[in-house]
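One structure is given here, and the rest of the page talks about it.
Hydrogens, waters and symmetry mates are skipped; everything else that's a heavy atom, side chains included, is used.
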Amino acid sequence: MAGRSRRGATRRAHGMPFGAVLVDGGVDFRLWAPAANRVEWLSEGSARPMQAHADGWFSLHVPGAAAGTRYAFRIDGGTTVPDPASRSNPDDVHQTSEVVDPYAYAWHDGDWRGRPWHEAVVYELHIGAFTPQGTFAAALERLDDLVALGVTALEIMPVAEFPGRRNWGYDGVLLFAPDATYGRPEDFKRLVDAAHARGLMVLLDVVYNHFGPDGNYLHGYAPAFFSARHHTPWGAALNFDGADSRTVRDFFIHNALYWLEEFHLDGLRLDAVHAIVDDSDQHLVEELAAAVHAGPGAQRLVHLVLENDHNNARLLRRGADGRPQAATAQWNDDLHHAAHVLASGERDGYYADYAAAPAAMLARALAEGFAFQGDASAYRDGARRGEPSAMLPPAAFLNYLQTHDQVGNRAFGERIAAFADPAALRALYACLLLAPAPPLLFMGEEYAAGTPFLYFCDYAGELARAVTEGRRREFARFAQFADPQARARIPDPNDERTFARSRLDSAERLREPHAGWLAYIRGLLHVRRTRLAPLLGGARSGVHVLHSSACIAVRWPLGAEATLHLLANLDAAPAAAPPPPGEVLFETAPPGDRLAPWTVRVSLE
């Protein structure tokens, strides 16, 4: 919901059925605690009993409470817990919550209605590692650089309150509170406001498949949040389909709407939806998407992006008008994996599925979205993976050569430029940035950052030791880490130096070879923005051809009167293929039937 101040600035808040809500003369507090007999509201040494209601709810109106009031809940006279719907927890996840007035921030983007998804050039960043200061305010100072690069959308890794001072964000436990290490809630709003002023969309990564292992008190007073039947790689699954699941589903759907409405975000990236186990008639993702389309999506362009290892094309389906009926797009790991094999030669783990014919799989991913569309996966012991996707437009897929996962899940966090052939990388970037599907760059990728992006966190005691040992144990199956002494060299995630090494050094952009990479990526994005973007709204699924095992041709219709052609020799040996028709937009070698190693030509007919 939104309102207007007398000076014309827009004020925004999402109405929630739980947490702390400012009302005339005080604050209403509500907590769902179905396993508790008694709940007390605590603030500044005083305690007040909350009124018990049906279905496990407790409530209390506190006259005189206001924005800035610090509070907590005491369960059955014992454990004191923060508000799970806290809008702010200034002293970390174990301490008191703070009442926030969402209407206090005066927005200046009242005319902003978002941008069409086919215009997206996405830049993924981690607030803590993006700048030396690691804050929302510092990130704001870099927005003009991203606009100059050709970026049109930020995708921010999770900011929900996590334990400690540093974390990737996927261990959040207070899902409505921006982490205090990054700044105040209004600082995040100011970043979004400034991005909109520059024409940038802002998407936020959210985690609805598990809570982090430290600071989550729900097990004690609301065990119905968790499923006894389902499990995830991170422990107990969330209860989206059992008894009392309605309240659990509402909690997460309201969280999505909260970020979209109160922080005026342009979309969400839903982490690992394949780990959201839900046997309901309507899967949580579908219900959440319907709520978004009927709510903020009815007023402006709002986009939902999935990470989904199952390649469920049905979650990306379009209506007769071409609009998404559920999610807007999905991170396309298939394209990444095929490109990674071509660039690096690595074939361990899931890359084995792409090792036999990486160029052919890249061509299919460029043309049709998924490379695995119901095909058997050797990595998954022959299980079939994916659904047919050729009927979907390119905009249903978000393509990339790097993400936080694909860099950070390497033992030493190396970026692809540290170990791949530069000629191969240049060719693959041309395929990525000049194909119709929206591309994603991971922070620093535009200048081939020399800093790694390592896995980091800030746990203490036994949990810290378990995380460090578990991280090193993950790599034991790789030959280079079979020796325990080799595994001991893998950086400790809890060591503050691991985090410090992961921070970008933006001064690299001024030095070679980084300045050269920046000019190259900026040039490709200039071609995309000036020649392709006006046509991409009409882009449809493509057709791919193999001229040899590593020489591919893909063509996409861009509406009724234009066709985009890509020809690429993705090999260190020359190849032969007829040149694509139309006006050449980009090429790495002179025209002709003979293609030098790692040659790309893109033309518009």
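- Put simply, CG on Leu441 and CG on Leu149 are 6.5 Å apart, with the number rounded to the nearest 0.5 Å.
- Salt bridge present: Glu98 and Arg184 bring a charged side-chain N and a carboxylate O closer than 4.0 Å.
- You'll find the side chain of Gln406 reaches within 4.5 Å of the side chain of His337, heavy atoms only.
- The cationic group of Arg509 does not satisfy the cation-pi geometry with Trp517, failing either the under 6.0 Å distance to the six-membered ring centre or the 45° limit from the ring axis.
- Between Phe18 and His254, a ring centre-to-centre spacing shorter than 6.0 Å is recorded.
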Requested in this report: Give the intermediate values and the outcome of side-chain contact (heavy atoms from CB on, under 4.5 Å) for residues Leu535 and Leu604.
Outcome: CA-CA 10 Å; Leu535 302 171; Leu604 186 63; 3.7 Å; yes
Report task. Any chance you could lay out the ring-ring contact (aromatic ring centres under 6.0 Å, His included) test for Tyr170 and Phe162, step after step, and finish with the verdict? Result -> CA-CA 8 Å; Tyr170 300 91; Phe162 52 75; over 10 Å; no
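- Here the side chains of Tyr123 and Glu446 are in contact, with some heavy-atom distance below 4.5 Å.
- For the pair Ser541 (side chain) and Ala367 (backbone), a donor-acceptor distance under 3.5 Å is present.
- Ring geometry for Tyr182 against Phe136 counts as perpendicular: the plane angle is over 60°, on a 0 to 90° scale with 30° as the lower cut.
- Annotation: side chain of Met443 is not in contact with side chain of His404 (no heavy-atom distance under 4.5 Å).
- Ser86 contributes no side-chain N or O that, together with a main-chain N or O of Ser97, makes up a donor-acceptor pair within less than 3.5 Å.
- Between Asn312 and Phe370, every side-chain heavy-atom pair lies at or beyond the 4.5 Å cut-off.
- Counting only heavy atoms from C-beta outward, the side chains of Pro17 and Arg30 approach each other to under 4.5 Å.
- Figure legend: Arg12 and Trp107 shown as a cation-pi pair, the cationic atom lying under 6.0 angstrom from the six-membered ring centre and within 45 degrees of its axis.
- The nearest pair of heavy atoms linking Pro296 to Glu261 is CD-OE2, 3.5 Å.
- In this structure, Leu585 CG and Leu566 CG are separated by 10.5 Å, a value rounded to the nearest 0.5 Å.
- A 4.5 Å side-chain heavy-atom check between Glu161 and Asp92 finds at least one atom pair inside the cut-off.
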Requested in this report: Just do the side-chain contact (heavy atoms from CB on, under 4.5 Å) check on Phe586 and Ser603 with the steps written out, would you?
Outcome: CA-CA 7 Å; Phe586 173 87; Ser603 65; over 6 Å; no
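- Residues satisfying the side-chain hydrogen bond (donor to acceptor under 3.5 Å, both in side chains) criterion with Arg165, sequence neighbours excluded, are Asp458.
- Comment: Arg528 does not engage Glu119 in a salt bridge, judged by the lack of any side-chain N to carboxylate O separation of less than 4.0 angstrom.
- Using cut-offs of 30° and 60° on the angle between ring planes, the pair Phe225 and Phe251 is perpendicular.
- Nearest heavy-atom pair across Pro82 and Leu174 is CG-CD2, 4.3 Å.
- A salt bridge does not link Asp505 to Arg503: none of the charged side-chain nitrogens sits closer than 4.0 Å to a carboxylate oxygen.
- Using modelled atom types, one side-chain atom of Thr530 and one backbone atom of His526 make a donor-acceptor pair closer than 3.5 Å.
- Contact check for Tyr429 versus Leu434: no side-chain heavy atoms found under the 4.5 Å cut-off.
- A cation-pi contact, defined as under 6.0 Å to the ring centre and within 45° of the axis, is absent between Arg300 and Trp112.
- Here Arg601 contributes atom CZ and His565 contributes atom NE2; the two are 14.0 Å apart, rounded to the nearest 0.5 Å.
- The main-chain N or O of Pro438 is never found under 3.5 Å from a side-chain atom of Trp117 such that the two would form a donor-acceptor pair.
- Shown are Val207, Asn167, Asp271; of these, the side-chain contact (heavy atoms from CB on, under 4.5 Å) with Pro158 is made only by Val207.
- Between Asp334 and Arg364 there is no salt bridge, since no side-chain N of the basic residue sits under 4.0 Å from a carboxylate O of the acidic one.
- A donor-acceptor distance shorter than 3.5 angstrom exists from the side chain of Arg11 to the backbone of Tyr103, with no hydrogens or angles considered.
- Counted within 6.0 Å of CD on Gln299, heavy atoms from surrounding residues, nucleotides or ligands total 12 or fewer; the atom is thus considered open.
- Looking at Arg269, its side chain never comes within 3.5 Å of a backbone N or O of Val305 through a donor-acceptor pair.
- The two residues Leu304 and Ala326 come nearest to each other via the heavy atoms CD1-O, 4.4 Å.
- Salt bridge status for Arg415 with Glu445: absent, with no side-chain N to carboxylate O gap under 4.0 Å.
- Side-chain N or O atoms of Thr135 include one that pairs as donor or acceptor with a backbone N or O of Ala138 at under 3.5 Å.
- Looking at Trp331 and Leu306, their side chains never come closer than 4.5 Å, going by heavy atoms from C-beta outward.
- The backbone N or O of Glu368 lies less than 3.5 Å from a partner atom in the side chain of Ser389, making a donor-acceptor pair.
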**Report entry** Stepwise ring-ring contact (aromatic ring centres under 6.0 Å, His included) test for Phe442 and Tyr400
**Finding:** CA-CA 8 Å; Phe442 180 55; Tyr400 40 83; over 10 Å; no
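- Between Arg142 and Asp145 there is a salt bridge, since a side-chain N of the basic residue sits under 4.0 Å from a carboxylate O of the acidic one.
- Distance CG/Leu428 to CG/Leu362: 6.5 Å, rounded to 0.5 Å.
- Between Asp266 and Arg115, none of the side-chain N atoms (NZ, or NE/NH1/NH2) sits under 4.0 Å from a carboxylate O, so this pair counts as no salt bridge.
- Salt bridge annotation for Glu287-Arg246: present, with a cationic side-chain nitrogen under 4.0 angstrom from a carboxylate oxygen.
- Nearest heavy-atom pair, Ala539 versus Leu558, reported as atom, atom and distance to 0.1 Å: CB-CD2, 3.6 Å.
- Under the 30°/60° scheme for interplanar angles, the aromatic rings of Tyr208 and Phe252 are found to stand perpendicular.
- At least one donor-acceptor pair under 3.5 Å links the side chain of Arg198 to the backbone N or O of Ala194.
- Residues Ala195 and Leu143 come closest through the heavy atom pair N-CD1, 3.6 Å.
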Report task. Just do the side-chain contact (heavy atoms from CB on, under 4.5 Å) check on Leu203 and Leu268 with the steps written out, would you? Result -> CA-CA 5 Å; Leu203 285 74; Leu268 303 172; over 6 Å; no
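- Checked for salt-bridge contact, Arg190 and Asp187 meet the test: a charged N lies under 4.0 Å from a carboxylate O.
- To the nearest 0.5 angstrom, Asp333 atom CG is 7.0 Å from Thr403 atom OG1.
- Once rounded to the nearest 0.5 Å, the distance linking CD of Glu155 with NE2 of His303 reads 12.5 Å.
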Query - From CA spacing to verdict: side chain to side chain donor-acceptor pair (under 3.5 Å), His196, Asp109 - result: CA-CA 7 Å; His196 289 169; Asp109 65 349; 2.7 Å; yes
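- Residue Ser280 comes nearest to Asp241 through the heavy atom pair OG-CB, 3.4 Å, listed as atom of the first residue, atom of the second, then distance.
- A donor and an acceptor atom, one from each side chain of Asn311 and Gln330, are located under 3.5 Å apart.
- Put simply, the side chain of Asn209 never gets that close to the backbone of Ile276: no donor and acceptor are under 3.5 Å apart.
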